[in-house]
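This report concerns only the one structure given below.
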Amino acid sequence: MSTKAKEEQNTAESILADIAIKAQLADYSPIKGCMVIRPYGYAIWERIKEILNKMIKDTGHENAYFPMLIPESFLQKEAEHVEGFAPECAVVTHAGGKELTEKYVLRPTSETIINHMFSKWIESYRDLPMKLNQWANVVRWEMRTRLFMRTSEFLWQEGHTCHATWDEAQQETLTMLDCYKTLLEKYLAVPIHTGKKTQSEKFAGAEATYTIEALMRDGKALQAGTSHNLGQNFAKAFETQFTNDQNQLEYVYQTSWGVSTRLIGALIMGHHDDVGLILPPEIAPYQVVVIPILKKNKDNTEILEAAKTINNELQAAGIRTKLDDRVTISQGHKFNEYEQKGVPIRLVIGPRDLEEGKLEVHRRDIQSKEKDIPRDGIATRLQKLLAQIQKEIWQRAVDYRTEHTTIVKSIEEIETALDKPGGFARAMWNGDVALEKILKDKFKATIRCMPDDKELDASQHPCVLSGESSTNNVEILVARAY
RNA sequence: CGGGAUGUGGCUCAGCUUGGUAGAGCGCUUCGCUUGGGACGAAGAGGUCGUAGGUUCGAAUCCUGUCAUCCCGACCA
């Protein structure tokens, strides 16, 4: 069977796994549902961290670290929270060769332990706002796992903030959602809808959950990040109180927000083709790979020097590069390797190019190759090309989403839309939870969010459930999701 | 936890029906020859066939238990 035929019969799941493995982003671990993030995959994560960490700090947050082990009793303090997370918690029962009197939970998220500390640290409105973030791993024992999209242990960033007023907490919730939007759209080139989750889809313990929802190339939606207004729920459970400027004791208003290594899953399923991964230049660990055409057992000094010089020149211009000067691997192998890894540009220099002062430039996203690119001014040229590639990858993703979004007026139309173009169905809804049950039971779909971007006229467009139009109805995006 | 499938060198798998003591391709090592898109040739290294027991003169193969993984459902960033 040809490779192409194999690709076509692959399910979305195996596309994800194939690319993750072949691009050497990750590998399976001996532990069920866990994965090893390999250097190239981790480099993408580091790039995400680098960008987001700056945004987090620029918006007035500080990084800290809280322990991985949480006393089991902490989880139980917030009713909705324990109900939501208990089934997927891994619990430590023994340590130091003895059974523990109180079991420890491997954090599925850190609201509880952080609140425990907040309640010690916060006394007065003068201590507020307190805005912390931690980069950490969390463990959620999932029944079914997929590389990057859902693993039992994953890396993420979790922000936790305390405020003196509800309004301020709400503002914080939306500010961080906006940071996520920027990260996804400007850097990962993944268009997202921001919006609010329905009651049934919100975070266990939150007052309201806001989400960034992306669309993958297999037509499924992906919750790529969330930001929660926690209200005073955890504050009450942990007695996180402060004295306000009227000398009255009050519970703090809190938020929490996070994005995870799932973002790498979003990159994989958002940008790929039959060959493998396609990385947007802004997020690529290296934007250009320089490959000299080398001859084994011959003097390659001249060509290697030329490659190094170009490599340095590109780096001096602020381009992230990798020079692959391995003599033991044929260039054909290298070409293939970097295409699977999605490196945006491949720059090839061989003896002929050296003589003629030219280079070969290959664009990964559209698999185009141009020979005889002038050696002079290469850095400037590639900078422009990288910007153009970023823009075009983004535009293709936007177009894809537009083509896979259907405006619907009835439940029947939702079903058709989910099957035919796939992707999002945009509708009006009167808020009756019966719809969520129908979607889930019949179509395996969910209301992804009530989007901030509105396209429908509530007074004209009927509710998919009742068929009636009302200005009380809300606009929703429905999709099958990861 | 239900339903289905699979465990054999690093990887993908054949061999099992009909028991006779382990193979192929890829990868790896060395040498030679090559080199502008995954080269070729030769020589080599590497497996107590998931695991425990049973049947048998003899088990990768048959039987039973067990563990693990994958797929389909119920849960989820």
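Quick note on labels: first sequence line is chain A, next is B, and so on, each numbered from 1.
- Within residues 45-54 of chain A, no residue places a heavy atom under 4.0 Å from RNA chain B.
- Closest-nucleotide positions on RNA chain B for A:E360 and A:G33 were compared, and the one nearer the 5' end corresponds to A:E360.
- B:U18 and B:A22 have their P atoms separated by 23 Å, given to the nearest Å.
- For A:K371 and B:G36, a side-chain-to-base donor-acceptor distance below 3.5 Å is absent, hydrogens and geometry of angles not being considered.
- Ring to ring, A:Y40 and A:Y286 are close: their centroids are under 6.0 angstrom apart.
- Between B:U8 and B:C75, the two P atoms lie 33 Å apart (nearest whole Å).
- Residues passing the ring pair (Phe, Tyr, Trp, His ring centres under 6.0 Å) test with A:H362: none are found, sequence neighbours excluded.
- In this structure, A:R217 satisfies the cation-pi test against A:Y400, with its NZ or CZ atom closer than 6.0 Å to the six-membered ring centre and inside 45 degrees of the ring normal.
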Produce the list of close N/O pairs, under 3.5 Å, pairing protein atoms with atoms of nucleotides 32-35 of chain B; give distances to one decimal.
{"unit_1": "B:U35", "atom_1": "O2'", "unit_2": "A:K295", "atom_2": "NZ", "d": "3.3"}
{"unit_1": "B:U35", "atom_1": "N3", "unit_2": "A:K296", "atom_2": "N", "d": "3.3"}
{"unit_1": "B:U35", "atom_1": "O4", "unit_2": "A:K296", "atom_2": "N", "d": "2.6"}
{"unit_1": "B:U35", "atom_1": "O4", "unit_2": "A:K296", "atom_2": "O", "d": "2.8"}

Could you pull out all donor-acceptor pairs under 3.5 Å where a side-chain atom in residues 107-117 of chain A meets a protein atom, sequence neighbours excluded?
{"unit_1": "A:R107", "atom_1": "NE", "unit_2": "A:N137", "atom_2": "O", "d": "2.6"}
{"unit_1": "A:R107", "atom_1": "NH1", "unit_2": "A:Y65", "atom_2": "OH", "d": "3.4"}
{"unit_1": "A:R107", "atom_1": "NH1", "unit_2": "A:F66", "atom_2": "O", "d": "2.7"}
{"unit_1": "A:R107", "atom_1": "NH1", "unit_2": "A:P67", "atom_2": "O", "d": "3.3"}
{"unit_1": "A:R107", "atom_1": "NH2", "unit_2": "A:Y65", "atom_2": "OH", "d": "2.7"}
{"unit_1": "A:R107", "atom_1": "NH2", "unit_2": "A:N137", "atom_2": "O", "d": "3.2"}
{"unit_1": "A:R107", "atom_1": "NH2", "unit_2": "A:N137", "atom_2": "OD1", "d": "2.6"}
{"unit_1": "A:T109", "atom_1": "OG1", "unit_2": "A:E111", "atom_2": "OE1", "d": "2.6"}
{"unit_1": "A:S110", "atom_1": "OG", "unit_2": "A:Q134", "atom_2": "NE2", "d": "3.2"}
{"unit_1": "A:S110", "atom_1": "OG", "unit_2": "A:E158", "atom_2": "OE1", "d": "3.4"}
{"unit_1": "A:S110", "atom_1": "OG", "unit_2": "A:E158", "atom_2": "OE2", "d": "2.6"}
{"unit_1": "A:E111", "atom_1": "OE2", "unit_2": "A:S256", "atom_2": "OG", "d": "2.6"}
{"unit_1": "A:N115", "atom_1": "OD1", "unit_2": "A:T240", "atom_2": "OG1", "d": "3.0"}
{"unit_1": "A:N115", "atom_1": "OD1", "unit_2": "A:Q254", "atom_2": "NE2", "d": "2.9"}
{"unit_1": "A:N115", "atom_1": "ND2", "unit_2": "A:E111", "atom_2": "O", "d": "3.1"}
{"unit_1": "A:N115", "atom_1": "ND2", "unit_2": "A:Q254", "atom_2": "OE1", "d": "3.3"}

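- The side chain to side chain contact (heavy atoms under 4.5 Å, CB included) test applied to A:M55 returns A:I51, A:L52, A:C179, A:T182, A:L183, A:Y187, not counting sequence neighbours.
- Pairs of residues two or more places apart, or lying in two chains, that qualify as salt bridge (charged side-chain N to carboxylate O under 4.0 Å, His left out) and include a residue from residues 328-337 of chain A are A:D324-A:K334, A:R326-A:E337, A:E337-A:K341.
- Map A:F203 and A:F335 each onto its nearest nucleotide of RNA chain B; the residue landing nearer the 5' end is A:F335.
- For A:Y104, there are no ring pair (Phe, Tyr, Trp, His ring centres under 6.0 Å) partners at least two apart in sequence or on another chain.
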Between protein and nucleotides 41-47 of chain B, what N or O pairs are separated by less than 3.5 Å?
none

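- At the phosphate of B:G73, OP1 or OP2 sits under 4.0 Å from a side-chain N or O atom of A:K444.
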Review point. Taking protein heavy atoms under 4.0 Å as touching, what does nucleotides 26-31 of chain B look like 5' to 3' if B marks base contact, S marks sugar-phosphate-only contact and - marks none?
Key: ------

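- With sequence neighbours left out, A:E78 forms a salt bridge (charged side-chain N to carboxylate O under 4.0 Å, His left out) with no residue at all.
- Contact check, A:K22 against B:C11: no side-chain N or O comes under 4.0 Å of OP1 or OP2.
- Pairs engaging residues 134-157 of chain A under the ring-ring contact (aromatic ring centres under 6.0 Å, His included) rule: A:W45-A:W135, A:F154-A:W156 [sequence neighbours left out].
- Nucleotides B:U64 and B:C71 have their C1' atoms positioned 26 Å apart, rounded to a whole Å.
- Here the separation of B:U17 from B:C33, taken at their C1' atoms, is 47 Å to the nearest Å.
- One atom, CD of A:Q24, and another, C1' of B:C11, lie 13 Å apart when rounded to the nearest Å.
- Environment of CD in A:E50: crowded, with over 12 heavy atoms of neighbouring residues, nucleotides or ligands closer than 6.0 Å.
- For A:F74 and A:F234, the distance between ring centers is not under 6.0 angstrom.
- In RNA chain B, runs of at least 3 stacked Watson-Crick or G-U pairs (N1-N3 plus N6-O4 or O6-N4, or N1-O2 plus O6-N3, all under 3.5 Å) give these stems: B:1-7 with B:67-73, B:10-13 with B:23-26, B:28-32 with B:40-44, B:50-54 with B:62-66.
- If you take CD1 on A:I319 and CG on A:L385, they are separated by 9.5 Å, rounding to the nearest 0.5 Å.
- Dashed line: the shortest gap from a side-chain N or O of A:R144 to OP1 or OP2 of B:G73 is under 4.0 Å.
- The six-membered or imidazole ring of A:F424 lies near that of A:H193, with a centre-to-centre distance under 6.0 Å.
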